[in-house]
Structures are given as structure tokens and as C-alpha cells.
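These notes concern the structure reproduced below.
Each chain gets a letter, A, B and so on, in the order the sequences are listed, and its residues count up from 1. Hydrogens, waters and symmetry mates are skipped; everything else that's a heavy atom, side chains included, is used.
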Amino acid sequence: MSSFAEKMIRWQESYGRHHLPWQNIRDPYVIWVSEVMLQQTQVTTVIPYYLRFLQRFPDLNSLASASLDEVLAQWSGLGYYSRGRNLHRTAQLIVRDHQGIFPEKVEVICQLPGVGRSTAAAIAVFAYGARCAILDGNVKRILARCFGIERYPGERKIEALLWQKAQELLPEQGEKDVNGGIEAYTQALMDLGATVCTRIKPKCAICPLQSDCTAFRNDAVGRLPAPKPRKPMPERETVLLMLMAQGKILLEKRPARGIWGGLWCLPEMPVSENAIEYCARHFGMEVQPLPPRIPSFVHIFTHFRLRIHPHPLQLNLSSSATTGDHIGVERMWTTLADALTVAIPAPVAKLLNMAVASRNA
DNA sequence: AAACCGGGGAC
DNA sequence: GTCCCAGGTTT
């Protein structure tokens, strides 16, 4: 029965990546550069940039004394340029405040611009062999699956739990010397996450943690880690006027751009308005409510929910049915049956069908 | 087009 | 502290 860390370290020995350009180097400067480049960027993308960057800026002093423009030129194409700016700024900060010596304590490393808790831990591990836990996207995914954590890992309490797990799972001192210790273990997490415990199509069949993995046991690998909860879409409201006269209903053509672009639609009115006044003002029509009242309903769009308040109205006989004040807005009076044959949005079709049904009732 | 991502900044 | 986003890439 071997521990989590032992399994990971053994797996790393046989199946992990051992010849990445920043491996087997103890220089905190190059490890720092590589870890920052590896934030949100895959290994294969990073490698050529890393090699060029180190050729041009082989040590901290060369980076600190370069111009920002030159640093960004080297960074060009890698994306997330604030990383490049922070790298340059940090190099100058280390020269100024730390006598040009890269800090050794993880608490200090963590304060460097562009270096957070996980990146600081990775640097401390690979540069100094410190026994620190990392928790990047790969590790979150591994732990969420292994421990069957159902909630979104970005939640504050869940993230705190994951940090705690990550800390607890670190190899013991005894496990250290034999197998390459904390460095191999940390690299194992990164490599397993990148090559086996991937977000989609994970290779559970060859995973060293299969027998420990709660998600695998429960056939839950596909839905863990839980995705970020979609923030509830904003809800908007509108009134759709169902203006009826002599068996016909008034439709308006929507502007080409925007919601329901170019479709025929019921006239839209802000919920803050009074329908009778609004019709008088906009259409020059005298109207009265036309029972029955239709309950409001919600229509779902990609970016928002639209609560639609249908408002059936009868045009008074004495009133004109032809006037309008919106220059350029096409309008037509049409039978319900004909309205259903032209291009109309789904919720409008629903309302027209309801109107047909209530008339036939 | 939708999900994802470490750090940073706003509060 | 805590919440949320800018700025990108990947699927």
C-alpha cells in the first residue's frame, strides 16, 4: 500500500516529462521565468519562447538592465503581456531591494509582482527543494476528481479545502531522498494533469491514481471538476402589444441589427409606460384592454432572460387604424393566420397561437 | 462561442 | 479578506 505521493513519484519516474528545458536546473531565475511563462500557457508553446528569452536575458541582471520594449519584444506572441511587464519590473525590484539575489523564502517570492501562491510554491520547490504545495488548474482537476469534490473548485471554501489537501498530500521527509522527492512529486502533478487527467478525454485507464479516484469509482470523471456556475443571466422586461382591429393584428418590422433583427414582431413598449397613453402617442390610436389577460412569461436568450408581458388591446371603432409616427418603421395589419406565415420570433408565434386558441374557444 | 485560468485590483 | 474581471488560449 503506497501513498498518494509515492504513486505520483513512481509514475513520474516512468511516464513523466524529464527533459523540459527548465528541468534539472537549480537557478531560481530561469525557473521563475519558466513558471511565469507556463501560467496559462502550454509547455509546447512556451519552449521556443523560453529558449529565446534566456538566450537574450541569461540572468537577472541582463533582464533588469534591458528596456521594457526589448522584454516585450521577446514576449511578443506569447500573450498575457502583463506577465512580461511584471517579469521586467520584478527583475529591477530584485536588483534594487534584494541586491540582485533571487529571494529564497516562499513568503517573499509570493510577494513578487506576477507571482501568486501557486507559482511561488513551484519556484520554491524547483529552485530550492522547499516542501511547498502548488495548486494550479491541473492540480485542482486531479484533486477534485480524486476526492470526488462536487462543488466548483473556484468557490472560496472549496479552494481552501483543495489547498489543505494539496498540503497534506505532499511527500513525507522519508519519501524524499529515495525518489527525487518534492521536485519529482510536484512535476508529477503537473505532468499527470497535462497528459492523463486532462479536462476532456482523461486517460483513466493508464492513471496511477485510478484505484484511489472517487470520480472514477462513481463514473463521475466526466462531470468533475464542476464548471464555474454560470452567473444568473440578467433579466430584462418588456411589454408586447397585441393590437387587434377587425380580426387583424398589428406587426412591426424590427431593425436589422440587434434582437430579432429583421423579423416581424409585435410592437414593443417599456414596462414603465401606460399602454393606452403609449398607443395614443405612438400610433395615434384609441385603444382599450381586450380580455383575457395573458400572464407574463420568460424567453431565454444567450445573454439574458426576457420577461415578456403580453398586453392585448382592442382598437376603438372610432379610431383610425392607419396612423403611425415612426418614420422608417414598417408596420402592417395582418390576420393571425397570415402573421404565423411570416418570419416572427418564437415567443411572438406563441402569443399569436394563444390568441388564435382563445378566439376559437 | 464557451470554458478555462492565476494574478491583480476593486471593494 | 473576498469577489470579480482582463486578457488571452483551447476545445
Side-chain angles (χ1 to χ4, degrees), chain A residues 22 31-50 53 68 71-91 93-94 103 106-126 132-145 149-167 186 189-203 215 221-234 259 261 300-305:
Chain A
W22 45 84
I31 289 164
W32 166 56
V33 170
S34 73
E35 289 302 330
V36 170
M37 286 186 168
L38 287 164
Q39 289 171 181
Q40 286 130 315
T41 311
Q42 294 183 163
V43 163
T44 53
T45 308
V46 163
I47 287 175
Y49 286 89
Y50 169 85
F53 196 93
L68 177 57
V71 174
L72 291 179
Q74 291 295 320
W75 203 270
S76 175
L78 202 47
Y80 304 102
Y81 295 92
S82 65
R83 295 183 298 172
R85 281 192 292 274
N86 280 146
L87 218 55
H88 183 239
R89 189 175 137 212
T90 299
L93 183 148
I94 293 175
V106 70
E107 301 83 10
V108 181
I109 299 172
C110 197
Q111 298 308 309
L112 302 174
V115 178
R117 182 169 171 187
S118 188
T119 302
I123 296 169
V125 166
F126 294 125
C132 297
I134 61 164
L135 188 66
D136 63 6
N138 285 328
V139 182
K140 282 182 183 170
R141 189 168 55 249
I142 293 168
L143 298 185
R145 284 174 175 162
I149 293 168
E150 299 280 344
R151 311 209 43 151
Y152 170 59
E155 257 176 71
R156 195 172 53 80
K157 290 174 111 161
I158 301 302
E159 191 158 1
L161 173 69
L162 291 169
W163 273 114
Q164 189 193 326
K165 289 282 185 198
Q167 187 69 40
T186 304
L189 285 172
M190 295 174 167
D191 291 355
L192 192 79
T195 64
V196 173
C197 195
T198 48
R199 184 158 70 87
I200 59 172
K201 290 202 196 162
K203 302 175 180 62
V221 176
R223 59 182 171 77
L224 293 183
K228 183 186 176 113
R230 302 295 291 150
K231 65 171 112 178
M233 286 183 281
I259 178 179
I300 314 273
F301 288 91
T302 324
H303 302 89
F304 62 94
R305 299 153 49 90

Discussion item. Please report the distance, rounded to the nearest Å, between CD in A/Gln42 and C1' in C/dT11.
Written reply: 10 Å
Worksheet item: Separation of A/Arg141 atom CZ from C/dT11 atom P, in whole Å?
Response: 11 Å
Fill in: Donor-acceptor pair, side chain of A/Thr90 and main chain of A/Leu87, under 3.5 angstrom
no
Item to complete: Measure the shortest side-chain to side-chain distance between A/Ile47 and A/Trp22 over non-hydrogen atoms and say whether it is less than 4.5 angstrom.
Response: yes
Worksheet item: Expressed in angstrom and rounded to an integer, what is the separation of A/Ile134 atom CD1 from B/dG7 atom P?
Response: 11 Å
Practice prompt. Give A/Thr119 one of three labels, base, sugar-phosphate or nothing, depending on what nucleic acid heavy atoms sit under 4.0 Å from its own.
Written response: sugar-phosphate
Response to the item:
Atom CG of A/Leu87 and atom P of B/dG7 are separated, to the nearest Å, by 13 Å
Worksheet item: Is a side-chain donor-acceptor pair under 3.5 Å present for A/Asn86 with A/Arg83?
Response: no
Worksheet entry | Non-hydrogen side-chain atoms of A/Thr119 and A/Trp32 separated by less than 4.5 Å | no
Worksheet item: Once you round it to whole Å, what is the distance between P of B/dG6 and CG of A/Leu162?
Response: 13 Å
Item to complete: Take atom NZ of A/Lys201 and atom C1' of B/dA3, then tell me their distance rounded to the nearest Å.
Response: 17 Å
Worksheet item: CZ of A/Arg199 versus P of B/dA3: gap in Å, rounded?
Response: 9 Å
Worksheet item: B/dC5 P sits how many Å from A/Arg83 CZ, rounded?
Response: 15 Å
Item to complete: Nearest-nucleotide wise, let me know which of A/Gln40 and A/Asn86 is further upstream toward the 5' end of DNA chain B.
Response: A/Gln40
Worksheet entry | Residue whose nearest DNA chain C nucleotide is more 5′ - A/Ile200 or A/Gly79 | A/Gly79
